[in-house]
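Beneath this line is the structure, given in structure tokens, with notes to follow.
Predicted model, so just to flag it, every value in this text is computed and none were measured.
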Amino acid sequence: MRIERLELRLLTLPLVHFFETSFGRVHDKEFILVRVDGDGVSGWGECVADRDPYYSSETNDAAWSIITGFIAPRVLGVDFAHPRAVFPALKAIRGHHMAKAAVEMAAWDLYARQRGEPLSKTLGGVRDRIASGVSIGIQDSIEQLLEKVGTELAAGYRRIKIKVKPAAWNDVQAVEAIRARFGAIPLMVDANAAYTADEAMVDRLARLDAFDLMMIEQPLDYDDILEHAALQQRLRSPICLDESIKSVNAAREALALGACRIINIKPGRMGGFAESIRLHDLCAAHDIPVWHGGMLESGIGRAANIHLSTLPNFTLPGDVAASRRYFNPDLIDPPIELGPDGTIAVPAGPGLGVDICEDRIEAATIRRHAIECAQA
Ligand code: OSB
Ligand code: MG
């Protein structure tokens with residue numbers, strides 16, 4: 001596989017509903033799309049960096065400059081026997097996993113399309129449908145939150161995750177109200193690192209712990225594995241790490257110290273599919289179940305997430321949900337839909353297997369840049 005041309009675009013798309021986490025509320029999504037071309041075929045990758053360095057230190061501006069200045073020169077015109085060779089070829093560049101992933105995942109799509117096989121097959125997947133859950137942001141009131149939970153349960157989603165933070169009614173009262181209204185539904189919370197390890201905060205987490213949660217996601221700081229290990233000792237609920245698992249090495253540390261019992265895999269955070277597969281395999285060897293996280297992706301990144309979710313150790317429902325929760329219209333047609341049993345079909349065509357609406361991409365593009373291989 002040889003990439004002859006790489007095109008970057010920055011897009012904005014309005015969200016169907018605002019999304020609020022412990023670091024703020026967003027009404028639209030700004031992201032980079034990467035298109036790579038080789039042998040008359042195109043591959044697509046969606047970058048999950050954001051406008052702001054809040055979930056991660058990477059921003060769209062940083063990713064743009066790293067891709068054009070450092071990643072593109074290391075992949076353009078290079079003969080890769082397999083897309084798993086792309087991440088190692090970028091070793092000289094430290095960090096910037098989301099920038100690397102956008103290009104690496106486009107290379108996997110290109111390779112799978114050139115072979116005429118669905119990406120799930122290239123990645124080693126074993127399923128043709130994936131179990132789907134939802135991530136519900138912080139709302140304006142408990143009543144609004146309960147209404148959202150009711151809507152998503154009625155749609156058939158297999159588990160509900162709510163965002164929490166240690167303020168007002170945004171954690172213990174919210175969970176208490178959901179349990180009172182909906183009973184023993186599969187429920188979990190995601191704090192996006194909003195708690196600290198001091199006694200008052202740990203007490204607050206211990207109160208959440210009493211509600212039979214499937215797991216508590218990333219309660220403490222994004223780079224603090226030691227405190228998560230101490231906290232896991234005090235909680236009955238499994239801790240699931242998201243932000244803290246920035247590499248396979250970080251996961252090895254977390255598992256060795258007992259900092260979590262579940263891991264959320266996001267290929268953007270890991271630097272692409274190859275590192276995500278290594279993380280998946282490491283977790284399987286330690287009997288640690290994994291699920292696929294989400295970053296409010298458009299249909300392009302969403303399709304990629306669906307393909308990766310078909311690997312065998314993705315045994316818990318992930319944050320990969322239907323397009324209509326995010327964008328209307330989406331950048332793909334037909335959009336990703338939820339079946340009545342709370343599962344999503346894995347696209348069967350070559351590569352991502354979805355029809356990309358280039359006219360919609362064009363309309364949402366605010367900046368673009370193409371780089372061609374010198375001898376192409
Ligand atoms: O922590 O999982 C997270 C969205 C943006 C940034 C971080 C996270 C999330 C989500 C949304 O929880 C998942 C989704 O529905 O795509
Ligand atoms: Mg999370």
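Panel note: side chain Arg179, backbone Asp212; a donor-acceptor pair is recorded below 3.5 Å. Put simply, the side chain of Asp330 never gets that close to the backbone of Pro335: no donor and acceptor are under 3.5 Å apart. Glu58 places a side-chain N or O within 3.5 Å of a backbone atom of His97 that can act as its donor or acceptor partner. When atom types are taken as modelled, the side chain of Arg269 and the backbone of Ser56 share no donor-acceptor pair closer than 3.5 angstrom.
A salt bridge links Arg234 to Glu199: at least one charged side-chain nitrogen sits closer than 4.0 Å to a carboxylate oxygen. Using a 4.0 Å cut-off between charged side-chain N and carboxylate O, Arg325 and Asp319 make no salt bridge. For the pair Glu362 and Arg9, the salt-bridge criterion is met [side-chain N within less than 4.0 Å of a carboxylate O]. A salt bridge links Glu143 to Arg181: at least one charged side-chain nitrogen sits closer than 4.0 Å to a carboxylate oxygen.
Under the rule for a side-chain contact (heavy atoms from CB on, under 4.5 Å), the partners of Arg261 that lie at least two apart in sequence or sit in another chain are Gln232, Pro238. The ring pair (Phe, Tyr, Trp, His ring centres under 6.0 Å) check on Phe80 picks up nothing, with sequence neighbours excluded. Under the rule for a side-chain contact (heavy atoms from CB on, under 4.5 Å), the partners of Phe23 that lie at least two apart in sequence or sit in another chain are Thr21, Tyr54, Tyr55, Asn192, Glu243.
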One pair to check against side chain to side chain contact (heavy atoms under 4.5 Å, CB included): Trp108 and His307. What are the steps and the verdict? CA-CA 11 Å; Trp108 278 84; His307 286 284; over 6 Å; no
Dump the intermediate steps for side-chain hydrogen bond (donor to acceptor under 3.5 Å, both in side chains) on Asp61 and Thr59, then the final yes or no. CA-CA 5 Å; Asp61 283 347; Thr59 62; 5.5 Å; no
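Here the rule is side chain to side chain contact (heavy atoms under 4.5 Å, CB included) with Glu46, and of Ile300, Leu352, Ile32, Leu331 only Ile300 fits it. Results of the salt bridge (charged side-chain N to carboxylate O under 4.0 Å, His left out) test with Lys163 over Asp190, Asp171, Asp242 single out Asp190 as the only residue that passes.
Note: Arg35 CZ to Ser42 OG = 3.5 Å, rounded to the nearest 0.5 Å. In this structure, Leu338 CG and Ser323 OG are separated by 11.0 Å, a value rounded to the nearest 0.5 Å.
More than 12 heavy atoms of other residues, nucleotides or ligands lie within 6.0 Å of CZ in Arg236, so this atom counts as buried by the packing criterion. Around CZ of Arg25, the count of heavy atoms belonging to other residues, nucleotides or ligands within 6.0 Å exceeds 12. For Asp128, the CG atom counts as loosely surrounded, since its 6.0 Å shell holds 12 or fewer non-hydrogen atoms of other residues, nucleotides or ligands.
With hydrogens and angles left out, the side-chain atoms of Ser247 and Asn249 include no donor and acceptor closer than 3.5 Å. Under the 3.5 Å distance criterion, with hydrogens and angles disregarded, a donor-acceptor pair is assigned to the side chains of Thr343 and Asp341.
Within the cation-pi definition used here (under 6.0 Å to the ring centroid, within 45° of the axis), Arg127 does not qualify as a partner of Phe314.
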